[in-house]
Amino acid sequence: MLLTRLAEVSREVAATAARSRKTALLAQLFREAGAGDVPIVIPYLAGRLPQGRLGVGWKVLGRPVPPAAEPTLTVREVDARLGELGEVAGPGSQAERSRIVGELMGAATEAEQRFLLGLLTGEVRQGALDAVAVEGLAQATGAEPADVRRAVMLAGSLQTVAEALLGEGPAALERFRLTVGRPVLPMLAHSASSVAEAVEKLGACAVEEKLDGIRIQVHREGGRVRIHTRTLDDITGRLPEVTAAALALPGERFILDGEVISFDAAGRPRSFQETAGRVGSRTDVARAAAEVPVSPVFFDALAVDGRDLLDLPFAERHAELSRLVPEPMRVRRTLVSGPEDTPRAERFLADTLARGHEGVVVKGLDAPYSAGRRGASWLKVKPVHTLDLVVLAAEWGHGRRTGRLSNLHLGARTADGGFAMLGKTFKGMTDAMLAWQTGRLKELAVEDDGRVVRVRPELVVEIAYDGLQRSTRYPAGVTLRFARVVRYREDKRPEEADTVQALLAAHPEAGT
DNA sequence: TTCCGACAGTGGGGTCGCAAT
DNA sequence: ATTGCGACCCCACTATCGGAA
């Protein structure tokens, strides 16, 4: 199959709004692709590269090269060239990658170049990624979409399922069962604004502490332990403590879901930055482990004694977890009978925060484990802080925000009457707000370099955020975590905005 | 040879709009 | 009405490469 066909379908998919039409377009293309091309075509149209990391970004891509006049590239050729990219390493590799990419781009037409660029930079923007590709795959093969989705969750990979399905037909889906040793996409949580709201929605529930660490899925089969992240990366080698803990448990074949986090000598959780830095260390794990030891803390069991627990109610899965994992290695929790019992949930949240944790996750007791989804039965509740900050500048948006000023630079007042930038945000704005702020900020503009528009610091905006992080990037030494716009405060003048000093005083735990 | 800056990739994430249910 | 998905981009961290010292 020619690459130009993929580029064409991707453009069509991007141009249509209806999901059903996107699905139909993808299904048609999957049918056209022969058995040899399908393993490449499906990931490409789902916006991902089968090879994973290639070491190609805007720098390696370099300057645009003149496009070819005629489409001649086949998807298999492209796949082979990109495969080469993953192979090169060591001195001179960056230049070599640039050369390969340049050659590939030179052989591509303008439309193909656009498609490849999106693929390589992870910005396909066709409004159809994995989930829509799954639907298309189901349609192309006559399988039930729900069965395909489940197989993808259990296999942890769309590609594997696609190959089996196209080779053997819908019967192949049977093969994809929960297997100890093969990672499964984890269940995710939605947000709720208060425990009262969460308990109201879920009724009888468990309220669990939410630890601010890294999500882990631990598989043990006999003496073999594997640890995976949320995106199913294998990080076993970086977490010897977790491997040891799993081997010490009185079970031979299990899959556990939990969090890995670092506690200080006093037993308080270290900052997310410290835990994440430790988990990210690969070169000298022994030293990293000595400096920042981590502990696994589990909250769910997907399999015990090789038995698949996914479809059991959470209450039963947790009972299995409790049998296998001793208390300190499980998250703390309390059971709440329903809305009338909300005060208990609120006390538990207050206690959890006092112990230095992020918040709580409220979980319905009846719900199965929804692998790979944001199940409505897990609701996280975290305290939200707000500040009135001043817009210092804004960046021009992309995609559906093209032509709108989108990403705001936020400043707090300093002692000398100026403003210190604390970070940026593009979140929380409605289309109406985007339109309004674009007009207002243009009035205040003092400079536009085509990317960033600097403005007179006069517009006050209310910002919600989850806390402070240490920063080497910003002058105050801190930045806001997960900042988002709540509303504009036209009733406030910049002199009334919050100060850096007050912010630091409000977050002594940031330790600056 | 060693150091340091820039780049790539990965972790954590919230909210909106739209299509589908 | 509600749900699911994709788009919108953030910041911090580590590893690696490439060029400067």
Side-chain angles (χ1 to χ4, degrees), chain A residues 13-14 16-23 46-47 52-61 88-98 120-135 149 188-191 193 201 212-216 229-231 233 235 238 259-260 271-284 288 358 370 372-376 380 382 384 395 397-402 404 406-410 422-434 464-474 478-486:
Chain A
V13 168
T16 174
R19 202 119 79 202
S20 49
R21 175 97 185 110
K22 288 180 195 279
T23 305
R53 85 189 74 154
L54 290 179
V56 176
W58 61 266
K59 179 62 188 290
V60 169
L61 280 166
V88 291
S93 63
Q94 225 171 63
E96 177 63 4
R97 281 200 293 274
S98 279
L120 288 168
T121 57
E123 297 175 355
V124 173
R125 291 177 179 152
Q126 60 188 16
L129 298 173
D130 266 14
V132 182
V134 163
E135 293 283 327
R149 200 177 304 123
L188 306 172
H190 277 290
S191 294
S193 52
K201 272 192 182 154
D212 197 6
I214 305 287
R215 184 82 175 264
I216 49 168
T229 64
R230 204 171 79 115
T231 52
D233 268 9
I235 53 167
R238 302 183 224 164
E259 195 88 0
V260 65
S271 73
F272 172 75
Q273 281 166 296
E274 287 173 284
T275 296
R278 157 62 210 277
V279 176
S281 296
R282 278 171 286 183
T283 44
D284 192 349
E358 217 191 340
S370 323
R373 327 202 73 168
R374 276 193 195 281
K380 54 185 160 187
K382 295 188 279 187
V384 174
E395 295 172 21
H398 298 88
R400 65 186 299 281
R401 293 192 178 187
T402 301
R404 304 276 189 221
S406 173
N407 203 8
L408 304 178
H409 295 199
L410 305 167
L422 287 177
K424 309 179 190 180
T425 186
F426 58 92
K427 294 172 185 160
M429 301 138 185
T430 61
D431 285 3
M433 271 164 101
L434 278 164
Y465 66 103
D466 279 15
L468 291 189
Q469 277 178 286
R470 230 171 288 221
S471 172
T472 53
R473 179 181 307 233
Y474 292 113
V478 293
T479 185
L480 305 178
R481 199 165 175 207
F482 312 137
R484 60 267 187 193
V485 171
V486 178

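Letters A, B, ... mirror the listed sequences (proteins, then strands); counts begin at 1.
Distance from the side chain of A:A131 is smallest to C:dC5 among C:dC5, C:dC8, B:dA8. When the nucleotides C:dG6, B:dT10, C:dG18 are ranked by their closest atom to the side chain of A:T231, B:dT10 comes out on top. Each of C:dA15, B:dC7, C:dC11 was ranked by its minimum atom distance to the side chain of A:S281; first place goes to C:dA15. Comparing C:dC9, B:dA8, C:dG6 by their nearest atom to the side chain of A:V132 picks out C:dG6. Considering only side-chain atoms of A:I214, the nucleotide from C:dA12, C:dC17, B:dG11 that sits closest is B:dG11.
The CD1-P distance, from A:I216 to B:dG11, rounds to 13 Å in whole Å. In this structure, A:R149 atom CZ and C:dT3 atom C1' are separated by 12 Å, rounded to whole Å. Note: CZ (A:R404) to C1' (C:dA7) measures 16 Å, nearest angstrom. Atom-to-atom, CG of A:L480 to C1' of C:dC9 comes out at 15 Å; the value is rounded to the nearest Å. Look at CZ on A:F482: it is 14 Å from P on B:dG11, rounded to the nearest Å. Nucleotide C:dC8 holds its P atom 17 Å from the NZ atom of A:K424, rounded to whole Å. Nucleotide C:dC11 holds its P atom 15 Å from the CG atom of A:D466, rounded to whole Å. Straight-line distance from the CG atom of A:D233 to the C1' atom of C:dA15: 14 Å, rounded to whole Å.
Dashed line: the shortest gap from a side-chain N or O of A:T229 to OP1 or OP2 of B:dG11 is under 4.0 Å. Residue A:H398 has no polar side-chain atom (N or O) positioned under 4.0 Å from OP1 or OP2 of C:dA7. Checking the phosphate oxygens (OP1, OP2) of C:dA12, a side-chain nitrogen or oxygen of A:S471 falls inside 4.0 Å. A sub-4.0 Å separation between OP1 or OP2 of C:dC13 and a side-chain N or O of A:Q273 is present. Contact check, A:Y465 against B:dG13: no side-chain N or O comes under 4.0 Å of OP1 or OP2. Listed pair A:W58 / B:dA8 meets the phosphate criterion, a side-chain N or O lying under 4.0 Å from OP1 or OP2. For the OP1/OP2 pair of C:dC8 and a distance below 4.0 Å, the side-chain nitrogens and oxygens of A:N407 include no atom meeting the criterion.
As rounded to the nearest Å, C:dA15 and B:dG5 have C1' atoms that lie 14 Å from one another. B:dC7 and C:dT14 have their C1' atoms separated by 12 Å, given to the nearest Å. B:dG11 and C:dC9 have their C1' atoms separated by 16 Å, with the value rounded to a whole Å.
Between A:L61 and A:D212, the one whose closest nucleotide on DNA chain B sits nearer the 5' end is A:L61. If A:L129 and A:T425 are placed on DNA chain C by their nearest nucleotide, the residue sitting closer to the 5' end is A:L129. Looking at which nucleotide of DNA chain C each of A:D284 and A:A95 is closest to, the 5′-most match is held by A:D284. Nearer the 5' end of DNA chain B, as judged by each residue's closest nucleotide, is the contact made by A:A276, out of A:F426 and A:A276.
Of all non-hydrogen atoms in A:V88 and A:E96, the two that sit nearest each other are CG1-CG, 3.6 Å. A:E259 and A:R215 get closest at one heavy-atom pair: OE1-CA, 3.7 Å. Across every non-hydrogen atom of A:G423 and A:T479, the tightest pair is CA-OG1, 3.9 Å. Nearest heavy-atom pair across A:K22 and A:Q126 is NZ-O, 3.0 Å.
With respect to the salt-bridge test (charged N to carboxylate O, under 4.0 angstrom), the residues A:K382 and A:E358 qualify.
A cation-pi arrangement, defined by a distance under 6.0 Å to the six-membered ring centre and an angle within 45 degrees of its axis, is absent between A:R484 and A:F426.
A:V279 comes within 4.0 angstrom of no nucleic acid atom, judged by non-hydrogen atoms across all strands. Residue contacts shown for A:F272 are limited to sugar-phosphate atoms, with no base heavy atom under 4.0 Å away. Nucleic acid contact class of A:K382 (heavy atoms, under 4.0 Å, all strands): sugar-phosphate only. Residue A:K201 is out of contact with every strand shown, counting any heavy-atom pair closer than 4.0 Å.
Summarising the base pairing, B:dC7 is matched to no nucleotide, lacking a Watson-Crick or G-U wobble pair whose two defining distances lie under 3.5 Å.
A donor and an acceptor atom, one from each side chain of A:S406 and A:R401, are located under 3.5 Å apart. A:E274 and A:S271 form a side-chain donor-acceptor contact under 3.5 Å, judged by distance and modelled atom types alone.
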* To do: Verify side-chain contact (heavy atoms from CB on, under 4.5 Å) between A:H409 and A:E395, making sure each step is shown before the conclusion.
  => CA-CA 8 Å; A:H409 295 199; A:E395 295 172 21; 2.7 Å; yes

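Note that CG of A:L120 is 6.0 Å distant from CG of A:L61, once rounded to the nearest 0.5 Å.
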* Asked: Where along nucleotides 15-21 of chain B does protein come under 4.0 Å, by heavy atom, of base (B) or sugar-phosphate alone (S), with - for untouched nucleotides?
  -> SSS-SS-

